[in-house]
Number of protein chains: 2
Amino acid sequence: MKRTGFAEASCPVARALDAIGDVWSLLIVRDAFDGLRRFGDFQKNLGIAKGMLSARLHRLVELGVLEPVPASDGSAYQEYALTKKGRDLFPVVVSLRQWGEANLYARGEVHSDLVDEAGQPVGKLVLPSRAGRPLTWSDTRVRKAGARKR
Amino acid sequence: MKRTGFAEASCPVARALDAIGDVWSLLIVRDAFDGLRRFGDFQKNLGIAKGMLSARLHRLVELGVLEPVPASDGSAYQEYALTKKGRDLFPVVVSLRQWGEANLYARGEVHSDLVDEAGQPVGKLVLPSRAGRPLTWSDTRVRKAGARKR
DNA sequence: CTGTCCAGTCTTATTTTAGGACCAGTCTGA
DNA sequence: TCAGACTGGTCCTAAAATAAGACTGGACAG
């Protein structure tokens, strides 16, 4: 029997990880946010094995994160564009980036930066309460759904 | 020769994924936010193989995401508590949760919810510009560091 | 046409993971 | 107090995922 994974979990975190919780998928999405669209561009940029890339792209298309579109330069080739569902991953990529920046670099070590149109570094992600007050981990808790599995 | 992974990448997203970009690590962290602290509790709740859990916990400790602390109930056993670095992962877990909620559930399907102390559902994560204006994916770009690898 | 580029598929070797069996200290209650 | 259960692992094996590269067939440029 096949292992189900977490695709049916009642916890959205588990489901999300089941869908895109591997290194390559998220790196592909990150590159897509940077404007990459072609198989060869992803492959070159990531150094990923072609079979892996092929499988990941197909899975992301199947999930509705990417969609195949005709090449923007008029050639007969194909490109992969982020869908709405894919663009919705923006906060995921940004949160990983901010955690990495804050916790994984030695002082003085350089890294790429996320900036706005004016070239200004962006602020930190904020989780607002319904009333607009910023919340931290200690201000929140998870209210479980009825189901047993998480 | 050993594969280096992305531990030295100049892109913080790649480094972050190299550190905690696997399903189990993030589920463990999610459970830690829910208050779980003991080996057996994680094991029961996740249904993870003990060897895997052991390896993951040790890695998270080594990374400084968790730290081993004496059991809070006075017994001789050990617990694992989130460090500052671990608590910094809060936005990562929340962003995954929100993406999952919005994109992975059929209408009417129930899931657990993140609520504040008053029991109110929380708002969506917001990325503010330095000036405080909310930014979306199309308002930002990545400014590369000097290095070649990403 | 010919050679090169693009976007894959297929194959094989290696690494990782899942699932259990096993084990040594800790605690509990009869 | 000591038998049995609980805790927190380690170790083994089988199965699955991944890396690396050879191979392929259509697109395109000269």
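Since the model is a prediction, treat every value here as computed from it, not as a measurement. Protein chains get the first letters and strands the later ones, always in sequence-line order, with residue 1 at the start of each.
- In this structure A:Y77 satisfies the side-chain contact (heavy atoms from CB on, under 4.5 Å) test together with A:R38, A:S75, sequence neighbours excluded.
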Side chains of residues 48-56 of chain B: which donor-acceptor partners sit under 3.5 Å, not counting sequence neighbours?
residue: B:R56; atom: NE; partner: B:D22; partner atom: OD2; Å: 2.7

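- Every residue meeting the side chain to side chain donor-acceptor pair (under 3.5 Å) condition with B:R37, not counting sequence neighbours, appears here in chain and number order: B:E79.
- Legend: residues meeting side-chain contact (heavy atoms from CB on, under 4.5 Å) with A:V61, ordered by chain and number and at least two apart, are A:L66, A:P68, A:Y80.
- With sequence neighbours excluded, the residues that form a side-chain contact (heavy atoms from CB on, under 4.5 Å) with B:K124 are B:Q98, B:A102.
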Study note, to complete from the structure: Under a 4.0 Å heavy-atom criterion, the protein footprint on nucleotides 23-30 of chain C, written with B, S and -, is --BBS---
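- Contacts of residues 62-71 of chain A with DNA chain D (heavy atom under 4.0 Å): none.
- A salt bridge (Lys or Arg N to Asp or Glu O under 4.0 Å) check over residues 127-141 of chain A, counting only residues at least two apart or in different chains, returns the pairs A:R133-B:E117.
- Residues forming a side-chain contact (heavy atoms from CB on, under 4.5 Å) with B:N103 (at least two apart in sequence, or on another chain): A:K85, A:D88, B:W99.
- With sequence neighbours left out, A:F42 forms a ring pair (Phe, Tyr, Trp, His ring centres under 6.0 Å) with no residue at all.
- Residue pairs satisfying the salt bridge (Lys or Arg N to Asp or Glu O under 4.0 Å) criterion with at least one member in residues 92-112 of chain B, sequence neighbours excluded, are listed as follows: A:R15-B:E109, B:R97-B:E101.
- DNA chain C lies under 4.0 Å from at least one heavy atom of each of the following residues of residues 52-59 of chain B: B:M52, B:R56.
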